[in-house]
Amino acid sequence: MSDVEERVKKIVVEHLSVDEEKVTKTASFIDDLGADSLDTVELVMAFEEEFGIEIPDDAAETIQTVGDAVTFISGAQS
Amino acid sequence: MRRVVVTGLGMVTPLASGVEETWSRLLDGQSGAGPITRFDPERVATKIACEVPRGDGTNGTFNPDDWMAPKDARKVDTFILYAMAASQMAVNDAGWTPEDEEARLRTGVMIGSGIGGLESIAETTLLLAEKGPRRVSPFFIPGSLINLCSGQVSIKYGFKGPNHAVVTACSTGAHAIGDAARLIALDDADVMVAGGAESSICELGIAGFNACKALSTAYNDTPEKASRPYDKDRDGFVMGEGAGIVVLEEYEHAKARGAKIYAEVLGYGLSGDAYHITAPAEDGDGGYRAMAAALKRAGLEPSAVDYVNAHGTSTMADTIELGAVTRLLGDAAKTACMSSTKSATGHLLGAAGAIEAIFSVLAIRDQIVPPTINLDNPAVESELDLVANVAQKRKVDVAISNSFGFGGTNASVVFGKVE
(Lines give C-alpha, C1' and ligand atoms only; values in the text may rest on other atoms or scores of the structure.)
Protein backbone atom coordinates (compact mmCIF):
# COMPACT_ATOMS: atom_id res chain seq x y z
CA MET A 1 0.00 0.00 0.00
CA SER A 2 1.35 3.41 -0.91
CA ASP A 3 1.95 6.02 1.73
CA VAL A 4 -0.85 8.16 0.24
CA GLU A 5 -3.29 5.26 0.27
CA GLU A 6 -2.50 4.45 3.88
CA ARG A 7 -3.02 8.04 5.00
CA VAL A 8 -6.26 8.39 3.00
CA LYS A 9 -7.65 5.21 4.54
CA LYS A 10 -6.74 6.38 8.02
CA ILE A 11 -8.65 9.65 7.49
CA VAL A 12 -11.68 7.81 6.11
CA VAL A 13 -11.74 5.40 9.07
CA GLU A 14 -11.52 8.27 11.53
CA HIS A 15 -14.10 10.53 9.92
CA LEU A 16 -16.72 7.94 9.00
CA SER A 17 -16.14 5.58 11.95
CA VAL A 18 -16.05 2.55 9.66
CA ASP A 19 -14.07 -0.69 9.96
CA GLU A 20 -10.70 -0.55 8.28
CA GLU A 21 -11.34 -3.64 6.15
CA LYS A 22 -14.32 -1.96 4.50
CA VAL A 23 -12.14 0.90 3.28
CA THR A 24 -10.97 -0.69 0.03
CA LYS A 25 -9.82 1.26 -3.03
CA THR A 26 -13.13 0.63 -4.80
CA ALA A 27 -15.29 1.56 -1.80
CA SER A 28 -17.64 4.46 -2.50
CA PHE A 29 -17.88 6.98 0.33
CA ILE A 30 -21.63 7.38 -0.06
CA ASP A 31 -22.77 3.95 -1.34
CA ASP A 32 -20.46 1.71 0.71
CA LEU A 33 -19.21 3.68 3.68
CA GLY A 34 -22.37 5.45 4.88
CA ALA A 35 -21.27 9.02 4.15
CA ASP A 36 -23.69 11.77 3.18
CA SER A 37 -22.89 14.80 1.02
CA LEU A 38 -21.71 16.84 4.02
CA ASP A 39 -19.41 14.01 5.12
CA THR A 40 -17.76 14.02 1.70
CA VAL A 41 -17.16 17.77 1.93
CA GLU A 42 -15.50 17.24 5.28
CA LEU A 43 -13.40 14.35 3.93
CA VAL A 44 -12.09 16.50 1.09
CA MET A 45 -11.16 19.20 3.61
CA ALA A 46 -9.34 16.60 5.69
CA PHE A 47 -7.40 15.42 2.60
CA GLU A 48 -6.42 19.02 1.81
CA GLU A 49 -5.20 19.52 5.36
CA GLU A 50 -3.32 16.22 5.54
CA PHE A 51 -1.56 16.55 2.19
CA GLY A 52 -1.15 20.32 2.02
CA ILE A 53 -2.95 20.53 -1.32
CA GLU A 54 -5.98 22.33 -2.64
CA ILE A 55 -8.79 20.28 -4.17
CA PRO A 56 -11.01 22.57 -6.29
CA ASP A 57 -14.77 22.02 -6.01
CA ASP A 58 -15.12 20.57 -9.51
CA ALA A 59 -12.36 18.06 -8.79
CA ALA A 60 -13.87 17.25 -5.40
CA GLU A 61 -17.08 16.20 -7.13
CA THR A 62 -15.22 13.51 -9.07
CA ILE A 63 -13.78 11.96 -5.92
CA GLN A 64 -16.35 9.28 -5.16
CA THR A 65 -14.22 6.38 -3.96
CA VAL A 66 -11.14 5.80 -1.85
CA GLY A 67 -9.24 5.01 -5.05
CA ASP A 68 -10.38 8.30 -6.67
CA ALA A 69 -8.96 10.18 -3.70
CA VAL A 70 -5.64 8.33 -3.80
CA THR A 71 -5.29 8.93 -7.55
CA PHE A 72 -6.12 12.63 -7.32
CA ILE A 73 -3.85 13.27 -4.35
CA SER A 74 -0.94 11.32 -5.88
CA GLY A 75 -1.34 13.37 -9.08
CA ALA A 76 -1.56 16.66 -7.19
CA GLN A 77 1.60 15.86 -5.26
CA SER A 78 3.75 14.85 -8.20
CA MET B 1 -59.21 22.97 25.21
CA ARG B 2 -57.76 19.49 25.62
CA ARG B 3 -56.01 18.56 28.87
CA VAL B 4 -52.23 18.08 28.78
CA VAL B 5 -50.20 15.90 31.15
CA VAL B 6 -46.54 15.17 31.74
CA THR B 7 -45.65 11.53 31.05
CA GLY B 8 -41.88 11.52 30.65
CA LEU B 9 -38.91 13.30 32.21
CA GLY B 10 -35.24 13.56 31.24
CA MET B 11 -32.40 15.76 32.41
CA VAL B 12 -28.68 16.36 32.29
CA THR B 13 -27.65 18.84 34.98
CA PRO B 14 -24.60 19.98 36.90
CA LEU B 15 -25.82 17.83 39.79
CA ALA B 16 -25.96 14.65 37.73
CA SER B 17 -26.95 13.04 34.47
CA GLY B 18 -30.40 11.57 35.04
CA VAL B 19 -33.63 12.69 36.69
CA GLU B 20 -33.59 10.64 39.87
CA GLU B 21 -29.86 11.18 40.49
CA THR B 22 -30.29 14.95 40.07
CA TRP B 23 -33.42 15.04 42.23
CA SER B 24 -31.89 13.12 45.15
CA ARG B 25 -28.79 15.34 45.16
CA LEU B 26 -30.98 18.43 44.97
CA LEU B 27 -33.07 17.30 47.94
CA ASP B 28 -29.85 16.47 49.76
CA GLY B 29 -28.73 20.12 49.48
CA GLN B 30 -25.72 19.43 47.24
CA SER B 31 -24.17 22.05 44.95
CA GLY B 32 -23.20 21.48 41.32
CA ALA B 33 -20.63 24.29 41.34
CA GLY B 34 -16.89 23.92 41.01
CA PRO B 35 -13.83 25.41 39.35
CA ILE B 36 -14.13 25.81 35.57
CA THR B 37 -12.43 22.88 33.83
CA ARG B 38 -13.88 23.26 30.33
CA PHE B 39 -11.34 25.94 29.42
CA ASP B 40 -8.51 27.79 31.14
CA PRO B 41 -10.33 30.60 33.01
CA GLU B 42 -7.19 32.59 33.73
CA ARG B 43 -8.24 35.61 31.65
CA VAL B 44 -11.83 35.89 32.92
CA ALA B 45 -13.02 37.27 36.26
CA THR B 46 -15.30 34.33 37.04
CA LYS B 47 -13.40 31.10 37.49
CA ILE B 48 -16.26 28.89 38.63
CA ALA B 49 -19.32 27.34 37.01
CA CYS B 50 -21.79 24.49 37.36
CA GLU B 51 -20.46 22.01 34.81
CA VAL B 52 -22.13 18.72 33.98
CA PRO B 53 -20.02 16.00 35.65
CA ARG B 54 -18.39 13.95 32.90
CA GLY B 55 -17.41 10.33 33.40
CA ASP B 56 -18.12 6.77 32.36
CA GLY B 57 -21.88 7.12 32.91
CA THR B 58 -21.93 5.55 36.37
CA ASN B 59 -22.77 7.36 39.61
CA GLY B 60 -24.64 10.14 37.83
CA THR B 61 -21.80 11.10 35.49
CA PHE B 62 -22.48 12.03 31.88
CA ASN B 63 -20.91 9.84 29.23
CA PRO B 64 -21.52 11.30 25.74
CA ASP B 65 -21.03 7.86 24.15
CA ASP B 66 -24.15 6.60 25.94
CA TRP B 67 -26.33 9.02 23.97
CA MET B 68 -24.77 9.68 20.54
CA ALA B 69 -22.31 7.72 18.44
CA PRO B 70 -18.94 9.51 18.61
CA LYS B 71 -18.99 10.11 14.85
CA ASP B 72 -22.32 11.96 15.22
CA ALA B 73 -21.49 13.72 18.50
CA ARG B 74 -18.41 15.23 16.86
CA LYS B 75 -20.70 17.04 14.39
CA VAL B 76 -22.82 18.89 16.96
CA ASP B 77 -22.25 21.47 19.65
CA THR B 78 -22.50 20.26 23.24
CA PHE B 79 -25.97 21.75 23.82
CA ILE B 80 -27.38 19.44 21.15
CA LEU B 81 -25.64 16.47 22.76
CA TYR B 82 -27.28 17.33 26.09
CA ALA B 83 -30.66 17.72 24.38
CA MET B 84 -30.29 14.32 22.71
CA ALA B 85 -29.39 12.68 26.02
CA ALA B 86 -32.24 14.24 28.00
CA SER B 87 -34.73 13.55 25.18
CA GLN B 88 -33.83 9.88 25.12
CA MET B 89 -34.30 9.70 28.89
CA ALA B 90 -37.70 11.39 28.63
CA VAL B 91 -38.93 9.32 25.70
CA ASN B 92 -37.80 6.09 27.40
CA ASP B 93 -39.45 7.19 30.63
CA ALA B 94 -42.71 7.88 28.80
CA GLY B 95 -42.47 4.59 26.94
CA TRP B 96 -43.68 6.36 23.82
CA THR B 97 -42.68 4.52 20.64
CA PRO B 98 -45.19 5.40 17.91
CA GLU B 99 -45.92 2.29 15.93
CA ASP B 100 -47.72 3.73 12.93
CA GLU B 101 -47.38 6.73 10.65
CA GLU B 102 -50.41 8.52 12.11
CA ALA B 103 -48.91 8.37 15.60
CA ARG B 104 -45.60 9.71 14.30
CA LEU B 105 -47.41 12.56 12.52
CA ARG B 106 -49.09 13.44 15.82
CA THR B 107 -45.81 13.59 17.80
CA GLY B 108 -43.78 16.79 17.70
CA VAL B 109 -40.68 18.35 19.21
CA MET B 110 -40.15 21.82 20.71
CA ILE B 111 -36.69 22.17 22.26
CA GLY B 112 -35.08 25.58 22.59
CA SER B 113 -31.82 27.11 23.70
CA GLY B 114 -30.92 30.56 24.93
CA ILE B 115 -27.72 30.98 22.95
CA GLY B 116 -27.12 27.78 20.97
CA GLY B 117 -23.71 26.74 19.70
CA LEU B 118 -21.67 29.55 21.19
CA GLU B 119 -18.55 27.45 21.71
CA SER B 120 -18.67 26.16 18.13
CA ILE B 121 -19.12 29.70 16.84
CA ALA B 122 -16.15 30.92 18.89
CA GLU B 123 -13.89 28.05 17.84
CA THR B 124 -14.87 28.27 14.18
CA THR B 125 -14.29 32.02 14.15
CA LEU B 126 -10.73 31.44 15.38
CA LEU B 127 -10.24 28.74 12.76
CA LEU B 128 -11.54 31.09 10.07
CA ALA B 129 -9.10 33.79 11.12
CA GLU B 130 -6.20 31.37 11.23
CA LYS B 131 -6.80 29.10 8.24
CA GLY B 132 -9.40 30.78 6.09
CA PRO B 133 -12.92 29.95 4.93
CA ARG B 134 -12.05 26.67 3.20
CA ARG B 135 -11.41 25.06 6.59
CA VAL B 136 -14.89 25.80 7.99
CA SER B 137 -16.63 22.47 8.61
CA PRO B 138 -19.82 21.62 6.70
CA PHE B 139 -21.20 20.62 10.12
CA PHE B 140 -20.56 24.03 11.69
CA ILE B 141 -23.95 25.53 10.85
CA PRO B 142 -26.18 22.45 11.40
CA GLY B 143 -24.18 21.73 14.56
CA SER B 144 -24.75 25.21 16.03
CA LEU B 145 -28.32 26.09 15.07
CA ILE B 146 -30.72 26.16 18.00
CA ASN B 147 -33.55 24.32 16.23
CA LEU B 148 -31.26 21.39 15.48
CA CYS B 149 -32.06 19.95 18.92
CA SER B 150 -35.63 19.54 17.73
CA GLY B 151 -34.36 18.45 14.32
CA GLN B 152 -32.02 15.77 15.67
CA VAL B 153 -34.64 14.36 18.04
CA SER B 154 -37.25 14.18 15.29
CA ILE B 155 -34.80 12.45 12.96
CA LYS B 156 -33.78 9.91 15.62
CA TYR B 157 -37.34 8.90 16.46
CA GLY B 158 -39.25 9.71 13.29
CA PHE B 159 -41.46 12.25 15.07
CA LYS B 160 -43.10 14.12 12.17
CA GLY B 161 -45.44 16.46 14.04
CA PRO B 162 -44.80 20.15 14.79
CA ASN B 163 -41.05 20.83 14.88
CA HIS B 164 -40.25 24.10 16.55
CA ALA B 165 -37.65 25.85 18.72
CA VAL B 166 -37.96 28.60 21.30
CA VAL B 167 -35.32 31.30 21.82
CA THR B 168 -36.19 33.54 24.75
CA ALA B 169 -32.94 33.64 26.75
CA CYS B 170 -33.51 32.36 30.29
CA SER B 171 -37.24 31.84 29.73
CA THR B 172 -36.66 29.42 26.84
CA GLY B 173 -37.32 26.15 28.70
CA ALA B 174 -40.55 27.42 30.26
CA HIS B 175 -41.81 28.92 27.00
CA ALA B 176 -41.02 25.67 25.15
CA ILE B 177 -43.01 23.57 27.61
CA GLY B 178 -45.87 26.07 27.72
CA ASP B 179 -46.05 26.48 23.95
CA ALA B 180 -45.78 22.73 23.36
CA ALA B 181 -48.62 22.12 25.83
CA ARG B 182 -50.67 24.65 23.94
CA LEU B 183 -50.06 22.84 20.63
CA ILE B 184 -51.48 19.69 22.23
CA ALA B 185 -54.37 21.59 23.81
CA LEU B 186 -55.24 23.05 20.40
CA ASP B 187 -55.07 19.61 18.74
CA ASP B 188 -51.99 20.22 16.59
CA ALA B 189 -50.34 17.19 18.20
CA ASP B 190 -51.06 14.45 20.73
CA VAL B 191 -47.54 14.16 22.11
CA MET B 192 -44.74 16.76 22.29
CA VAL B 193 -41.14 16.35 23.39
CA ALA B 194 -40.32 19.75 24.89
CA GLY B 195 -37.68 21.59 26.89
CA GLY B 196 -34.39 23.43 26.64
CA ALA B 197 -30.66 22.84 26.35
CA GLU B 198 -27.61 25.03 26.93
CA SER B 199 -23.82 24.81 26.97
CA SER B 200 -22.30 28.26 27.15
CA ILE B 201 -19.47 27.56 29.60
CA CYS B 202 -16.72 28.70 27.27
CA GLU B 203 -14.42 31.69 27.45
CA LEU B 204 -16.65 33.78 25.18
CA GLY B 205 -19.76 32.96 27.23
CA ILE B 206 -18.18 33.76 30.58
CA ALA B 207 -16.54 36.92 29.20
CA GLY B 208 -19.85 38.08 27.76
CA PHE B 209 -21.85 37.59 30.96
CA ASN B 210 -18.98 39.04 33.01
CA ALA B 211 -19.19 42.16 30.86
CA CYS B 212 -22.90 42.40 31.74
CA LYS B 213 -21.87 42.17 35.42
CA ALA B 214 -24.26 39.25 35.74
CA LEU B 215 -21.96 36.53 37.11
CA SER B 216 -20.67 35.90 40.62
CA THR B 217 -17.00 36.82 41.00
CA ALA B 218 -16.54 36.82 44.80
CA TYR B 219 -16.61 33.08 45.39
CA ASN B 220 -13.87 31.75 43.11
CA ASP B 221 -12.31 29.95 46.09
CA THR B 222 -15.58 28.57 47.47
CA PRO B 223 -17.64 27.78 44.37
CA GLU B 224 -20.31 25.77 46.22
CA LYS B 225 -21.19 28.95 48.15
CA ALA B 226 -21.48 31.22 45.12
CA SER B 227 -25.09 30.64 44.08
CA ARG B 228 -27.08 32.03 47.01
CA PRO B 229 -30.46 33.44 45.94
CA TYR B 230 -32.10 35.84 48.44
CA ASP B 231 -28.98 35.87 50.60
CA LYS B 232 -27.55 39.29 51.39
CA ASP B 233 -24.07 38.19 50.24
CA ARG B 234 -25.12 37.12 46.73
CA ASP B 235 -23.19 38.78 43.93
CA GLY B 236 -24.39 37.31 40.64
CA PHE B 237 -25.42 34.03 39.07
CA VAL B 238 -23.28 30.96 38.49
CA MET B 239 -23.38 29.68 34.93
CA GLY B 240 -24.73 26.17 34.53
CA GLU B 241 -25.23 23.86 31.56
CA GLY B 242 -27.29 20.85 30.60
CA ALA B 243 -30.77 20.05 29.35
CA GLY B 244 -34.25 19.36 30.66
CA ILE B 245 -36.84 17.59 28.52
CA VAL B 246 -40.41 16.52 29.22
CA VAL B 247 -42.82 14.40 27.24
CA LEU B 248 -46.20 16.14 27.19
CA GLU B 249 -49.27 14.23 26.18
CA GLU B 250 -52.97 14.75 25.72
CA TYR B 251 -54.69 13.37 28.82
CA GLU B 252 -56.98 10.81 27.15
CA HIS B 253 -54.11 9.65 24.91
CA ALA B 254 -51.95 9.04 27.97
CA LYS B 255 -54.75 7.29 29.85
CA ALA B 256 -55.63 5.08 26.88
CA ARG B 257 -52.13 3.66 26.67
CA GLY B 258 -51.77 3.31 30.42
CA ALA B 259 -48.95 5.84 30.65
CA LYS B 260 -47.56 6.95 33.99
CA ILE B 261 -48.87 10.48 34.59
CA TYR B 262 -46.65 12.76 36.67
CA ALA B 263 -48.74 15.92 36.66
CA GLU B 264 -51.00 18.09 34.55
CA VAL B 265 -50.04 21.34 32.83
CA LEU B 266 -52.82 23.47 34.27
CA GLY B 267 -51.80 26.89 33.05
CA TYR B 268 -49.25 28.94 31.19
CA GLY B 269 -48.78 32.69 31.14
CA LEU B 270 -46.48 35.02 29.19
CA SER B 271 -45.61 38.68 29.41
CA GLY B 272 -43.10 41.30 28.37
CA ASP B 273 -41.49 43.92 30.60
CA ALA B 274 -40.97 46.57 27.91
CA TYR B 275 -38.39 48.05 30.24
CA HIS B 276 -34.68 47.16 29.85
CA ILE B 277 -32.45 44.74 27.91
CA THR B 278 -31.02 42.96 30.96
CA ALA B 279 -32.74 44.30 34.11
CA PRO B 280 -36.27 43.38 35.19
CA ALA B 281 -38.78 46.14 35.82
CA GLU B 282 -38.24 47.26 39.39
CA ASP B 283 -41.79 46.62 40.50
CA GLY B 284 -41.68 43.05 39.16
CA ASP B 285 -44.72 43.82 37.07
CA GLY B 286 -43.74 41.55 34.16
CA GLY B 287 -43.27 38.50 36.35
CA TYR B 288 -46.45 39.30 38.24
CA ARG B 289 -48.48 39.44 35.04
CA ALA B 290 -46.99 36.16 33.72
CA MET B 291 -47.93 34.37 36.95
CA ALA B 292 -51.38 35.96 37.05
CA ALA B 293 -52.03 34.97 33.43
CA ALA B 294 -50.93 31.39 34.10
CA LEU B 295 -53.22 31.10 37.12
CA LYS B 296 -56.11 32.62 35.18
CA ARG B 297 -55.62 30.06 32.42
CA ALA B 298 -55.53 27.34 35.11
CA GLY B 299 -58.73 28.68 36.60
CA LEU B 300 -57.06 28.91 40.00
CA GLU B 301 -56.92 31.56 42.69
CA PRO B 302 -53.42 32.52 43.88
CA SER B 303 -54.29 30.90 47.21
CA ALA B 304 -54.24 27.49 45.46
CA VAL B 305 -50.47 27.71 44.93
CA ASP B 306 -48.50 25.44 47.27
CA TYR B 307 -45.03 25.83 45.78
CA VAL B 308 -43.27 28.39 43.59
CA ASN B 309 -40.08 27.33 41.84
CA ALA B 310 -38.54 30.77 41.53
CA HIS B 311 -36.49 32.21 38.73
CA GLY B 312 -34.18 33.38 41.58
CA THR B 313 -30.77 33.62 39.94
CA SER B 314 -28.72 34.90 42.90
CA THR B 315 -28.66 38.47 41.60
CA MET B 316 -30.20 41.68 42.89
CA ALA B 317 -33.32 40.82 40.84
CA ASP B 318 -34.24 38.05 43.31
CA THR B 319 -35.98 40.47 45.63
CA ILE B 320 -37.98 41.93 42.75
CA GLU B 321 -39.42 38.49 42.00
CA LEU B 322 -39.98 37.84 45.70
CA GLY B 323 -41.97 41.07 45.89
CA ALA B 324 -44.08 40.11 42.88
CA VAL B 325 -44.82 36.63 44.24
CA THR B 326 -45.72 38.00 47.67
CA ARG B 327 -48.00 40.57 46.08
CA LEU B 328 -49.68 37.92 43.95
CA LEU B 329 -50.20 35.41 46.75
CA GLY B 330 -51.46 37.93 49.27
CA ASP B 331 -52.43 36.20 52.51
CA ALA B 332 -51.54 32.84 50.98
CA ALA B 333 -47.87 33.86 51.08
CA LYS B 334 -47.92 32.87 54.74
CA THR B 335 -48.69 29.25 53.94
CA ALA B 336 -47.11 28.71 50.50
CA CYS B 337 -43.40 28.33 49.90
CA MET B 338 -40.87 29.23 47.22
CA SER B 339 -37.36 28.00 46.53
CA SER B 340 -34.67 28.67 43.97
CA THR B 341 -33.09 25.44 42.79
CA LYS B 342 -30.53 27.56 40.92
CA SER B 343 -28.79 27.70 44.30
CA ALA B 344 -27.77 24.10 43.61
CA THR B 345 -27.73 23.79 39.81
CA GLY B 346 -26.52 27.24 38.85
CA HIS B 347 -28.31 29.02 36.04
CA LEU B 348 -28.79 26.80 32.99
CA LEU B 349 -30.05 29.77 30.93
CA GLY B 350 -32.22 28.30 28.14
CA ALA B 351 -32.46 24.95 29.95
CA ALA B 352 -33.26 26.47 33.35
CA GLY B 353 -37.03 26.72 32.88
CA ALA B 354 -37.14 23.12 31.69
CA ILE B 355 -35.23 21.54 34.57
CA GLU B 356 -37.17 23.72 37.02
CA ALA B 357 -40.46 22.59 35.49
CA ILE B 358 -39.28 19.03 36.13
CA PHE B 359 -38.38 19.88 39.74
CA SER B 360 -41.88 21.36 40.15
CA VAL B 361 -43.41 18.16 38.77
CA LEU B 362 -41.28 16.03 41.09
CA ALA B 363 -42.27 18.19 44.06
CA ILE B 364 -45.87 17.26 43.25
CA ARG B 365 -45.02 13.57 42.78
CA ASP B 366 -43.07 13.25 46.03
CA GLN B 367 -44.86 15.93 48.10
CA ILE B 368 -41.54 17.48 49.00
CA VAL B 369 -40.01 20.83 48.08
CA PRO B 370 -36.32 21.24 47.26
CA PRO B 371 -34.29 23.74 49.27
CA THR B 372 -32.69 27.09 48.49
CA ILE B 373 -29.15 26.32 49.58
CA ASN B 374 -26.70 28.94 50.89
CA LEU B 375 -29.57 31.02 52.22
CA ASP B 376 -27.86 31.97 55.48
CA ASN B 377 -28.80 35.64 55.86
CA PRO B 378 -31.89 36.64 53.91
CA ALA B 379 -31.48 40.01 52.20
CA VAL B 380 -35.06 40.98 53.00
CA GLU B 381 -37.65 39.87 55.51
CA SER B 382 -40.40 37.83 53.89
CA GLU B 383 -43.48 36.07 55.15
CA LEU B 384 -43.02 33.57 52.32
CA ASP B 385 -41.05 30.46 53.35
CA LEU B 386 -37.97 30.33 51.08
CA VAL B 387 -37.11 26.75 52.10
CA ALA B 388 -33.68 27.72 53.38
CA ASN B 389 -31.05 25.00 53.11
CA VAL B 390 -33.21 21.96 53.93
CA ALA B 391 -35.89 20.25 51.81
CA GLN B 392 -39.36 20.17 53.34
CA LYS B 393 -42.11 17.56 53.26
CA ARG B 394 -45.20 19.52 52.26
CA LYS B 395 -48.51 19.19 50.54
CA VAL B 396 -47.83 20.19 46.92
CA ASP B 397 -50.92 19.90 44.74
CA VAL B 398 -50.20 23.01 42.67
CA ALA B 399 -46.75 24.30 41.72
CA ILE B 400 -45.82 27.25 39.56
CA SER B 401 -42.46 27.60 37.83
CA ASN B 402 -41.19 31.07 36.91
CA SER B 403 -38.67 32.03 34.25
CA PHE B 404 -37.60 35.54 33.29
CA GLY B 405 -35.19 36.35 30.47
CA PHE B 406 -33.01 39.13 29.10
CA GLY B 407 -35.09 41.40 26.93
CA GLY B 408 -37.84 41.35 29.54
CA THR B 409 -39.48 38.07 28.51
CA ASN B 410 -41.42 36.22 31.21
CA ALA B 411 -43.08 32.83 31.41
CA SER B 412 -44.87 30.97 34.19
CA VAL B 413 -46.11 27.40 34.00
CA VAL B 414 -48.58 25.91 36.48
CA PHE B 415 -48.51 22.18 37.20
CA GLY B 416 -51.10 20.27 39.20
CA LYS B 417 -51.50 16.88 40.77
CA VAL B 418 -53.62 14.43 38.80
CA GLU B 419 -55.81 12.28 41.07
Side-chain angles (χ1 to χ4, degrees), chain A residues 4 6-24 27-66 68-77, chain B residues 56-57 63-81 83-85 88 116-117 119-160 163:
Chain A
V4 170
E6 206 169 309
R7 285 156 72 191
V8 164
K9 285 185 174 175
K10 188 162 174 278
I11 288 170
V12 173
V13 167
E14 277 171 11
H15 279 260
L16 301 181
S17 294
V18 286
D19 291 336
E20 212 173 326
E21 55 264 33
K22 283 189 181 166
V23 187
T24 60
S28 155
F29 299 127
I30 289 177
D31 297 334
D32 302 317
L33 301 176
D36 65 18
S37 61
L38 296 181
D39 289 317
T40 61
V41 172
E42 198 188 38
L43 271 179
V44 166
M45 285 170 54
F47 297 149
E48 289 184 329
E49 185 82 17
E50 171 74 16
F51 296 99
I53 56 171
E54 187 162 318
I55 305 176
D57 287 352
D58 53 347
E61 282 168 24
T62 68
I63 300 176
Q64 311 265 337
T65 66
V66 176
D68 292 342
V70 173
T71 305
F72 182 89
I73 292 161
S74 302
Q77 281 187 320
Chain B
D56 63 3
N63 180 357
D65 297 352
D66 291 344
W67 308 105
M68 274 184 106
K71 77 175 170 69
D72 297 323
R74 168 178 86 66
K75 298 173 185 171
V76 300
D77 192 273
T78 308
F79 80 104
I80 295 178
L81 177 61
M84 286 293 276
Q88 287 169 67
E119 190 174 7
S120 297
I121 293 167
E123 284 175 356
T124 306
T125 304
L126 293 175
L127 183 76
L128 175 73
E130 191 190 334
K131 296 190 168 179
R134 289 181 60 84
R135 286 291 170 273
V136 173
S137 165
F139 300 108
F140 163 55
I141 297 291
S144 306
L145 291 178
I146 283 173
N147 72 298
L148 261 286
C149 295
S150 295
Q152 290 276 6
V153 169
S154 74
I155 292 163
K156 179 177 177 66
Y157 290 104
F159 295 156
K160 295 182 176 177
N163 200 269

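Naming: A, B, ... by sequence-line order, numbering from 1 per chain. In this text, all values refer to a predicted model and were calculated from it rather than measured experimentally.
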query = Side chain, backbone, both or neither: which part of A:Ile55 has an atom under 4.5 Å from a heavy atom of chain B?
reply = backbone

inquiry  = Is any side-chain heavy atom of A:Asp39 closer than 4.5 Å to one of B:Lys75?
reply    = yes

ask   = Any idea which heavy atoms bring B:Pro138 and A:Leu38 closest together, and the distance?
value = CG-O, 3.3 Å

task = Can you check whether anything in residues 12-21 of chain A gets within less than 4.5 Å of chain B, heavy-atom wise, and list it by number?
result = A:His15, A:Leu16, A:Ser17

inquiry  = For residues 126-137 of chain B, give me every residue with a non-hydrogen atom less than 4.5 Å from any non-hydrogen atom of chain A.
reply    = B:Lys131, B:Arg134, B:Arg135, B:Val136, B:Ser137

query = What residues form a side chain to side chain contact (heavy atoms under 4.5 Å, CB included) with B:Pro64, not counting sequence neighbours?
reply = B:Arg54, B:Phe62, B:Leu81

query = B:Asn163: what forms a side chain to side chain contact (heavy atoms under 4.5 Å, CB included) with it, not counting sequence neighbours?
reply = B:Val109, B:Ser150, B:Ser154

